[in-house]
**Q** 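Sharing a structure below in structure tokens format, with a few things to ask.
By convention in this document, chain letters (A, B, ...) are assigned in the order of the sequence lines, proteins followed by strands, and residues within each chain are numbered from 1.
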There are 2 protein chains.
Amino acid sequence: MSEILTQSIQDYLKQIYDLSADGAPASTNDLAARLSVAPASVTGMLQRLANVSPALVVYKKHQGVTLTSEGERAALEVIRHHRLLETWLVQTLGYTWDEVHEEACRLEHVISEDFERRIAAALGNPARDPHGDLIPTADLTMPSDDTRPLASLRTGEAGTVKRVHGADPAFLRHLQGLGLIPGAQVHVIGYSEFDGNLTLQIDSQPAFVVGLAITQRVFV
Amino acid sequence: MSEILTQSIQDYLKQIYDLSADGAPASTNDLAARLSVAPASVTGMLQRLANVSPALVVYKKHQGVTLTSEGERAALEVIRHHRLLETWLVQTLGYTWDEVHEEACRLEHVISEDFERRIAAALGNPARDPHGDLIPTADLTMPSDDTRPLASLRTGEAGTVKRVHGADPAFLRHLQGLGLIPGAQVHVIGYSEFDGNLTLQIDSQPAFVVGLAITQRVFV
DNA sequence: AATAGAATTTAGCTTAGACTAAAAGTATTT
DNA sequence: AAATACTTTTAGTCTAAGCTAAATTCTATT
């Protein structure tokens, strides 16, 4: 009754980590949506994950689920794999940042610790993946992120894009079209207090206006 | 009832390909041994593989199993993945030839066609993997191999090692210690007709004697 | 405080892929 | 040709992980 982390379990843990990142437990429904699985299936899995020893989650009926420290370790391991893989697919095989997610999602479950070490070393132990997400360290701790959403900047302020949130390829390609990619120097030259739109300028290119749907997903 | 090639099925097809390479059908027992599974489990799987449409194997009770052309295509796809991955792990991540098998066995089932294409291109569409095994081409045909076992050479003959047969790490390390690796120029300077031992010399290094257990598994 | 509606859980079913034990077929040896 | 040994298949069971439908619990609104 220990140490059998199937692919499915790893996916559950990863999503629970993500959904409970804000401190609040993850809900059955949200998990079902993220995992493309029926809510009843989630309930069944959560019961199992709470009853294996050591327990991977803390689960109380109708109250959502959080990870135990065991569960968190396992989640961080998968997330480290995922983000290292994404970085490495981009750097060594010429993938673009909108293409890597799916491939990494399948590879993350099967690579060995040796493989993990080798690509981490080959990449120079990167801190962030191609989307700017922080990569958990080799000892499985998640570095703290001090970025804030672009939406929090006001006219006259500027920042360097550090991270974008979201895996949808179309969204990522759109950001790329705008130049809102990690490393970009962004100047806020306008703000509308009614809709929250920002007018941005990157380097000396033409300015453009973007709404909250974007500025809340780009971090500086 | 079509096109669902699970990891398990892929493993069965790969082993059937290997065991029936000589033309004779593969036996239930041999498959069970290769797959580390009970013979009864093999029977069950073969029945399924024969009854899906399109059928992947030709199976008749008590008479062994062979691949249909559909099954062979699927097997070659997996084998191509495996051998490209091995090549690539060695070339780009510094794996040694005795370390790659296991890792490739897990990765082979999850990489995309896109990934396959990218590594094939990055490697310059190699013909052989690090053990010298031929890599099926992109259109899924297996090139013909014109090598013969080192055991078939006699005193005075010479050849270049093209391929070694076997995945056992200890065996591979032993061969490496002897210098019997793909590319090595081998001269036969002695033959014993009683035990089949050959005395070999590689470049101008000291000669050494090896038995059939080795010379039947090294091809020139 | 009652109740409609949403979220969650229970109950029971399905499939893939393994297992064991027992039965049946095939092969070998006398 | 019979007896024994080996191989293969059948029959029945198990677990992981999903599903649907029905029951339950929670929450929000009247």
**Q** Could you tell me how far apart Gln47(A) (CD) and dT10(C) (P) are, to the nearest whole angstrom?
**A** 5 Å

**Q** Should the heavy atoms of other residues, nucleotides or ligands under 6.0 Å from CZ of Arg217(B) be counted, would the total exceed 12?
**A** no

**Q** If you check the Thr6(B) side chain, which of dA16(C), dT9(D), dA18(C) turns out closest?
**A** dA16(C)

**Q** Let's go through His81(B) and Glu113(B) carefully: what are the C-alpha distance in whole Å and the side-chain angles of both, what is the deciding distance for side-chain contact (heavy atoms from CB on, under 4.5 Å) to 0.1 Å, and is it a yes or a no?
**A** CA-CA 9 Å; His81(B) 286 182; Glu113(B) 290 311 285; 3.3 Å; yes

**Q** Using a 4.0 Å heavy-atom cut-off, does Thr28(B) contact any base of the nucleic acid, only the sugar-phosphate backbone, or nothing at all?
**A** sugar-phosphate

**Q** Answer yes or no: does a side-chain N or O of Tyr12(B) lie under 4.0 Å from OP1 or OP2 of dA16(C)?
**A** no

**Q** Applying side-chain contact (heavy atoms from CB on, under 4.5 Å) between Glu108(A) and each of Glu86(A), Glu103(A), His82(A), report the one that passes.
**A** His82(A)

**Q** Could you work out which one of dA18(C), dT25(D), dT9(D) sits closest to the side chain of Ser41(B)?
**A** dA18(C)

**Q** Any side-chain N or O of Ser8(A) under 4.0 Å from OP1/OP2 of dA16(D)?
**A** no

**Q** Is the closest side-chain donor-acceptor distance between Ser112(B) and Asp114(B) under 3.5 Å?
**A** no

**Q** Does any donor atom in the side chain of Ser27(A) or Asn29(A) lie under 3.5 Å from an acceptor atom in the other side chain?
**A** no

**Q** What is the distance, rounded to the nearest whole Å, between atom CG of Asn29(B) and atom C1' of dT8(D)?
**A** 8 Å

**Q** Rounded to whole Å, please give me the gap between CG in Leu46(B) and C1' in dT7(D).
**A** 14 Å

**Q** Among the candidates dA7(C), dA16(C), dA11(D), find the nucleotide nearest to the side-chain atoms of Ala40(B).
**A** dA11(D)

**Q** For the pair made of NZ in Lys60(A) and P in dT8(C), what is the distance, rounded to whole Å?
**A** 16 Å

**Q** Check every atom of dT9(C), dC19(C), dT9(D) against the side chain of Val37(B) and return the nucleotide holding the closest atom.
**A** dC19(C)

**Q** What is the separation between atom NZ on Lys61(A) and atom C1' on dA23(D), rounded to the nearest whole Å?
**A** 12 Å

**Q** Leu49(A) has an atom CG; how far is it from atom P of dG18(D), in whole Å?
**A** 10 Å

**Q** Could you state the atom-to-atom distance from CG of Leu31(A) to C1' of dA7(C) in whole Å?
**A** 13 Å

**Q** Counting heavy atoms from C-beta on, name the nucleotide in dT8(D), dG18(D), dA7(C) closest to the side chain of His62(B).
**A** dT8(D)

**Q** From CD of Gln10(A) over to P of dA16(D), roughly how many Å is that when rounded to an integer?
**A** 16 Å

**Q** Checking contacts here: which listed nucleotide (dC19(C), dG18(D), dA16(D)) is nearest the side-chain heavy atoms of Met45(A)?
**A** dG18(D)

**Q** So, is Tyr59(A) near the phosphate of dT8(C), with a side-chain N or O under 4.0 Å from OP1 or OP2?
**A** no

